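Below: the structure, in C-alpha cells.
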Number of protein chains: 2
Amino acid sequence: MPLDLLPVSTAPAACCTPATSPAITEQDAVQLARTLKALADPARLRLLSLIAAHDGAEACVCDLIEPVGLSQPTVSHHLKVLTDAGLITRDKRGVWAYFALVPGALESVTTHLGAHLTGSAA
Amino acid sequence: MPLDLLPVSTAPAACCTPATSPAITEQDAVQLARTLKALADPARLRLLSLIAAHDGAEACVCDLIEPVGLSQPTVSHHLKVLTDAGLITRDKRGVWAYFALVPGALESVTTHLGAHLTGSAA
DNA sequence: AACGGAGATTGACGGCTGTCGATATTGACG
DNA sequence: CGTCAATATCGACAGCCGTCAATCTCCGTT
C-alpha cells in the first residue's frame with residue numbers, strides 16, 4: 001500500500017495528544033483526596049473556622065457544639081475525622097478536650113492543589 | 001458570699017469562651033464544601049491534573065479515559081461533576097468533546113479556604 | 001440514508017457517610 | 001467511693017457516591 005494513499009488526510013486531525021507535562025500520580029491523588037474529603041463538609045468547615053476564630057486557634061468541644069447546631073456525638077465524630085486527617089490536634093486537659101489547628105496543614109493542601117492543577121502549560 | 005471565697009479557684013477555669021472573631025457562615029460553608037466535594041476524589045484530581053498537563057489546559061475525553069483507567073461512562077460522569085462545580089468547561093467540537101480548566105477557579109477555592117481557616121488570632 | 005464511532009445518559013448495586021440516641025469512659029468533687 | 005459532667009464510642013438507619021454494562025444521541029463518513 002502506497003504511503004500517500006493512507007487515510008490520514010481524511011481523518012479529522014487526531015484528537016489524542018497524550019500530554020505535555022506529567023500529571024499527578026495515582027498515589028498523590030489518593031492522599032490529596034483523602035485530606036480534601038475531610039474538608040468537604042459544611043459542618044467540618046464550620047468547626048475549623050470556629051477553632052481558628054478562637055484565641056490561639058484552640059477551642060474546647062463545649063464551645064463548638066452549640067454554634068454548629070449538631071448533636072454532641074456528631075460533633076465529636078467530625079472532630080475525629082479532622083484529627084485523623086491531620087488538620088487539628090486533640091489535647092485533653094482535665095474533663096475538657098481542646099482542639100487546635102495544625103499550623104501549615106491547610107497551606108500544605110493548597111500548595112499541593114496548586115502544584116498539580118494549575119494550567120502551567122500555555 | 002465574700003468575693004474572695006467564690007469557687008473560682010477550685011473551678012477549673014471555664015472552658016467556654018465563645019470566639020474572638022466571626023466564623024464562616026453556614027451558607028459559605030455549604031458552598032465551599034460543595035466545591036471541595038467535587039475535588040475530593042482521586043479520579044477527579046487526576047482528570048484535572050491531566051487536563052492541566054495538556055497544551056492550553058485543554059484535553060479531549062479520549063485523551064483521558066486510558067490514563068485514569070476507568071470506564072468511559074465513569075470518566076464522563078466525573079467530568080460532569082467537575083463541570084457542574086465550575087472547575088472545567090466543556091466544548092464540543094465535531095465528534096469530540098474538549099474540556100478545559102476554568103482560569104482562577106482553583107485559586108478561588110484556596111483563597112476562600114485561607115480566608116476563613118487560618119489561625120489569624122494569635 | 002445507512003453506518004460507525006465519540007460521548008452522554010440510564011439503571012443498578014455495593015460501599016461509604018452524616019446523623020442521632022443510647023451507652024461507655026474518664027476525670028473532678030464531695 | 002459514689003455521683004456528676006464532659007467526651008468518646010457503638011449501633012442503626014437513611015441517603016449519597018463511585019462504578020460499570022447497556023443503551024441512546026449526535027455527527028461525520030460512505
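What you see is a predicted model, and the numbers here were worked out from it, not measured in a lab. Proteins come first, then strands; the chains are lettered A, B, ... in the order of their sequence lines, and each starts at number 1.
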Next on the checklist: Show me the pairs that pass salt bridge (Lys or Arg N to Asp or Glu O under 4.0 Å) and involve residues 90-117 of chain B, at least two apart or across chains.
Outcome noted: B:Glu58-B:Arg93, B:Asp91-B:Arg93
Item to check | Residues that A:Glu66 engages under salt bridge (Lys or Arg N to Asp or Glu O under 4.0 Å), provided they are two or more places apart | outcome: none
Checklist entry - Between A:Val95 and B:Val61, which has a closest nucleotide on DNA chain C that is more 5'? => result B:Val61
Next on the checklist: Counting only side-chain nitrogens and oxygens, does B:Arg44 get under 4.0 Å of the OP1 or OP2 atom of D:dG18?
Outcome noted: yes
Item to check | Spacing of A:Lys37 atom NZ relative to D:dC17 atom P, expressed in whole Å | outcome: 10 Å
Checklist outcome for this item: Between CG of B:Leu64 and C1' of C:dA6 the distance, given in whole Å, is 13 Å
Item to check | Inter- and intrachain pairs under salt bridge (Lys or Arg N to Asp or Glu O under 4.0 Å), touching residues 67-88 of chain A, at least two apart | outcome: A:Lys80-A:Asp84
Table of protein N/O atoms under 3.5 Å from nucleotides 19-23 of chain D N/O atoms:
residue, atom, partner, partner atom, Å
D:dT19, OP2, B:His78, NE2, 2.4
D:dC20, OP2, B:Ser71, N, 3.0
D:dC20, OP2, B:Ser71, OG, 3.1
D:dC20, OP2, B:Thr74, OG1, 2.9

Item to check | Value in whole Å for how far the P atom of D:dG18 lies from CZ of B:Arg46 | outcome: 16 Å
Checklist entry - Phosphate oxygens OP1/OP2 of C:dA8: is one of them under 4.0 Å from a side-chain N or O of B:Arg90? => result yes
Checklist outcome for this item: Quick note, salt bridge (Lys or Arg N to Asp or Glu O under 4.0 Å) partners involving residues 22-33 of chain A, not counting sequence neighbours, are A:Glu26-B:Arg46
Next on the checklist: So, using salt bridge (Lys or Arg N to Asp or Glu O under 4.0 Å) as the criterion, who are the partners of A:Arg44 when residues are at least two apart?
Outcome noted: none
Checklist entry - Over how many whole Å does the gap from B:Asp91 atom CG to C:dA6 atom C1' extend? => result 15 Å
Checklist entry - Between C:dG5 atom P and B:Ile65 atom CD1, what is the distance in whole Å? => result 15 Å
Checklist entry - Over how many whole Å does the gap from A:Lys80 atom NZ to D:dA6 atom P extend? => result 22 Å
Checklist outcome for this item: In numerical order, the residues of residues 25-36 of chain B whose heavy atoms come under 4.0 Å of DNA chain D are none
Checklist outcome for this item: For A:Leu87 and A:Ala38 the tightest heavy-atom approach is CD1-CB, 4.2 Å
Checklist outcome for this item: Re C:dG30: Watson-Crick or G-U wobble partner, both distances kept under 3.5 Å, found to be D:dC1
Next on the checklist: My understanding is that only residues two or more places apart in sequence, or in another chain, count here; which of them pass side chain to side chain donor-acceptor pair (under 3.5 Å) with B:Ser71?
Outcome noted: B:Thr74
Next on the checklist: Is there a side-chain contact between A:Leu45 and B:Leu36 in this structure, where contact means two heavy atoms from C-beta onward sitting under 4.5 Å apart?
Outcome noted: yes
Checklist entry - How close or far is atom C1' of D:dA8 from atom CG of A:Asp84, stated in whole angstroms? => result 13 Å
Next on the checklist: Both A:Arg93 and B:Lys92 contact DNA chain C. Which one's nearest nucleotide lies toward the 5' end?
Outcome noted: B:Lys92
Item to check | Listed once per pair and sorted, the salt bridge (Lys or Arg N to Asp or Glu O under 4.0 Å) pairs that draw on residues 29-43 of chain B, sequence neighbours left out | outcome: none
